[in-house]
**Q** 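Structure below; questions to follow.
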Amino acid sequence: MSDLNIKSLSLEIENAIKGLGDDAKLKQSGVVTRLSDGIVWIYGLRDCGYSDVISIEKKDGSTVPAFALNLFEDEVGAVLMGPETGVVAGAKASMTGDALEVPVGPELVGRVVDPLGRPLDGKGPIVTKQNGLVERPAPGVMDRKSVHEPMATGVIAVDTMVPIGRGQRELIIGDRQTGKTAIAIDTMINQAKQKTGVINVYVAIGQKSAKVAAMVERFKSEGVMDQTIVVATSPSDSASLLYLAPYAGTAMAEYFRDNKQHALIIYDDLSKHAVAYRQMSLLLRRPPGREAYPGDVFYLHSRLLERSAKLSDGLGGGSLTALPIIETQAGDVGAYIPTNVISITDGQIYLESDLFYQGIRPAISVGLSVSRVGGSAQTKATKSVAGTLRLELAQYRELASFAQFSSDLDEETTKRIARGRLLTEVLKQNQYSPMSVADQVITLTAATSGSFDDVPSAKVKAAVSSLLTRVKSDHKAIYESIDKGTKPEESENAKILEIAKHVAKSYVVVKEDN
Amino acid sequence: MISRTQASNYLANSLSEPAKRKQAIKSIAAWLKYNGKSRQFSYVAGDVAQVLSTQGYSFVRIISARELTPQTKKHIESYSRDLTNAKTIECEYRVDPTLIGGVIVETPEGMIDHSVASQLNKLIEGVINE
C-alpha cells in the first residue's frame with residue numbers, strides 16, 4: 001500500500017470525525033414524573049409536538065417508545081407503546097425527533113405485523129425501503145376523482161343491491177355474530193379469485209389471537225395471503241397499540257394507493273378502536289362526553305376514513321377502499337359510535353340478527369342498507385339485472401310480515417310473496433364462496449324473469465348451480481362477455497332463460513315425484 | 001390557579017434583586033407546599049434555569065464516569081459555552097461511574113449524551129431489533 005493512500009485515508013477519517021462533531025446537537029430530555037396504566041407524564045420536554053415519539057429509558061438501560069398526546073404548560077402526557085415494566089418515575093425521557101412512522105411497501109405483503117410494523121409471523125425481519133407517517137392528512141378535493149370502478153365483493157346481495165366502488169367507504173354494521181367479518185373476508189377472497197390485483201389490508205383491532213390465526217390460515221388456504229397484509233392486535237395489547245392499528249394499516253395501504261395501485265382496507269372493528277381511545281383519553285384525564293367518549297371521537301374516525309379515496313388521474317388514479325366494521329348492541333344503530341361512523345361513510349351494509357337466525361345469510365337488511373356512491377361503479381351487466389331487486393325484496397319483507405296475519409291473499413300479493421321468497425333463496429350464499437359477475441348476472445336474470453318460480457325453495461340453490469354449470473360449459477362466450485361487465489344482449493338473455501326453464505323443469509319434476 | 005411555569009417565571013425575574021429574591025423564594029415554597037407539589041421543587045429550579053438561559057445565563061451540569069482534570073474541565077466549559085451561546089455559564093460537576101466512560105452535558109435547552117454506557121445500550125438495542 002503506498003504512502004499516498006495512507007495519507008488520504010487518515011484525511012478521510014479526520015474529515016469523518018469533524019462531520020460527527022458537527023452532528024452533536026442538543027437533544028431535549030425530560031423526566032418521567034408519574035406513570036399509570038400505560039400513560040406517562042413527563043417534565044421537561046418543552047418543544048414536544050403532538051404525536052411526537054419519545055424514548056423512555058427503562059431501569060435496565062433499554063428504551064420503550066411512547067407518543068405524546070397531551071401537551072400541557074407544565075408537563076407532557078404520553079402513551080407507552082410497549083410494556084410499562086421497568087419504567088419508573090424519574091426515568092429519563094428524550095425526544096427522538098421523529099413523528100410516528102411505520103414501514104410501508106410491497107415487502108409487507110403476505111406478512112402479519114403489529115401496528116409498529118414488527119413481524120408477528122416468525123418469518124424474520126421486514127426490511128422496507130421507506131416508512132410512512134401514521135398520521136397523515138387525507139387527499140384534498142382536487143386530488144380526488146369520483147368513484148367509478150367497481151370493487152366486486154363476490155357477495156351477490158352486496159354487489160347487486162349495495163354496490164361498492166373503488167375508493168368508497170362502506171360500513172358493515174350489525175350485532176355480534178351476524179356475519180360482519182364474513183362479508184369483509186369474502187371480499188378479500190374475491191379479489192384473489194377474480195385476480196383483480198387489489199391489495200388487501202386486514203386490521204384486527206383487539207381481536208382474539210386465535211381468531212386472527214385461524215383467519216390467516218384461511219387466507220393462506222384460499223390463496224389470498226399473497227396479496228394481503230394483516231395488522232394484528234389482541235385484547236392483551238396496550239390501548240395505545242389498539243389505537244394505532246387502523247392508522248398504521250392505513251399508512252401501509254396508502255403506499256399502494258399512492259403508487260397507482262388499488263387497495264382494500266378492513267377495520268375489524270372500529271367499536272373496539274373507539275373503546276381503546278376512550279380508555280386512553282380517560283387515563284389522560286381528558287373530559288368525558290357522551291357515553292364517556294372524549295369530545296374528539298368523531299374526528300378520530302373521520303380523519304381515518306377520509307384517507308380512503310379514489311385519486312385523480314394526475315396522481316396516478318390509485319384507490320383505497322375502506323370497509324370499516326361496527327358492532328352494535330341489541331341492534332341499536334342510534335348509539336354514539338354507530339351514528340358517527342354512519343355519517344362519515346358512503347353507505348352501510350346493515351346485518352340483522354333475526355335474518356341470520358332465520359338462515360338468511362348474509363343477513364343483509366335490504367331496507368336499512370344503502371350505498372351512496374357505489375351505483376355509478378356498478379358494471380352495466382349487473383345494473384341490467386339489479387334494477388328492481390331492492391324494491392321487490394323490500395316489498396316482499398313488508399308483505400311477508402303482513403301475510404302472517406291473513407291467509408286470504410289476492411293473487412298479486414301471493415305472486416309477490418312467492419317471488420320474494422325465491423329472490424331471498426337466490427341471494428343466500430355460503431361463506432368463502434364469492435360469485436363472479438357472470439354468476440351473479442345469470443342467476444338474477446333467471447330469478448327475476450320468473451324461470452324458477454315453480455322450483456321449490458329447497459331446490460333453488462341446486463337449480464341455480466346447474467344453470468351456471470350449463471351456461472359456463474355450453475355458452476362460454478356469453479359467460480365470458482358478461483363476466484367482463486358487458487350488458488347481455490337480448491339474444492344472450494333469451495338463451496340464458498331457455499336454459500333456465502329447461503333446468504327448472506327437471507327440478508319441478510323431482511318435486512312432483514316426491 | 002397559576003401554573004408551575006408561571007410561578008417559575010416569577011421567581012426567575014425576581015432573582016436579580018436580593019430583597020425580592022428572598023420574598024419570591026418564600027412565596028414559591030409556600031405555593032408548592034399548599035398545592036401538594038413539594039416534590040416539584042427541582043422542576044421549579046429547572047424551569048428557572050430555562051428562563052435564565054434565555055437571558056444569557058446558563059446552568060450546565062456535567063456528569064462524567066470519573067473525576068475530570070482541570071484541563072478537561074476547561075475544555076468542556078468552553079464547549080458548553082459554544083453550545084448554549086450563553087454569556088455566563090455556571091457548571092456543576094458530578095461523577096457517575098455507571099457511565100463507564102465519556103460525559104453527559106445537560107443544559108436547560110437539552111442534553112448531549114457522550115457516555116460509553118448509552119453507546120453500548122444503543123448497540124445492544126440495535127442487535128436485539130435486528
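We use all heavy atoms of the structure for the numbers below, so side chains are in, but hydrogens, waters and symmetry mates are not. Since the structure is predicted, the reported quantities are computational estimates derived from the model, not experimental observations. Order of the sequence lines fixes the chain letters, A, B, ..., with proteins taken first and strands second; residue numbering starts at 1 for each chain.
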**Q** Checking R118(A) against chain B: side chain, backbone, both or neither under 4.5 Å from a heavy atom?
**A** neither
**Q** How about CD on Q71(B), more than 12 heavy atoms from neighbouring residues, nucleotides or ligands closer than 6.0 Å, or not?
**A**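 Not more than 12 within 6.0 Å, no.
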**Q** Return yes when atom CZ of F41(B) has more than 12 non-hydrogen atoms of other residues, nucleotides or ligands closer than 6.0 Å, and no otherwise.
**A**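 Not buried by this count: 12 neighbours or fewer within 6.0 Å.
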**Q** So, the side chain of Y43(B) versus the backbone of Y43(A): is there a donor-acceptor pair under 3.5 Å, distance only?
**A** no
**Q** Can you tell me if R34(A) has over 12 outside heavy atoms packed within less than 6.0 Å of its CZ?
**A** yes
**Q** Closest heavy-atom contact between N121(B) and D60(A)?
**A**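 Reported closest heavy-atom pair: OD1-O, 4.4 Å.
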**Q** Could you check whether atom NZ of K27(A) has more than 12 heavy atoms from other residues, nucleotides or ligands sitting under 6.0 Å from it?
**A**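 12 or below, so no.
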**Q** With rounding to the nearest 0.5 Å, note down the distance linking OG1 in T33(A) to CZ in R39(B).
**A**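 That separation rounds to 10.0 Å.
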**Q** Counting a contact as any heavy-atom pair under 4.5 Å apart, which residues of residues 69-103 of chain A contact chain B?
**A** E73(A), D74(A), K92(A)
**Q** Which atoms of T107(B) are under 4.5 Å from chain A, going by heavy atoms: the side chain, the backbone, both sets, or neither?
**A**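 Contact with chain A: side chain only.
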**Q** If you count the non-hydrogen atoms of other residues, nucleotides and ligands that lie under 6.0 Å from OH in Y93(B), is the total more than 12?
**A**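 Yes, enclosed.
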**Q** For P108(B) and R46(A), work out which heavy atoms get closest and say how close.
**A**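 P108(B) and R46(A) have their closest heavy atoms at O-NH2, 3.0 Å.
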**Q** Which of residues 45-58 of chain B have a heavy atom under 4.5 Å from any heavy atom of chain A?
**A**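 Checking residues 45-58 of chain B against chain A gives G46(B), D47(B), Q50(B).
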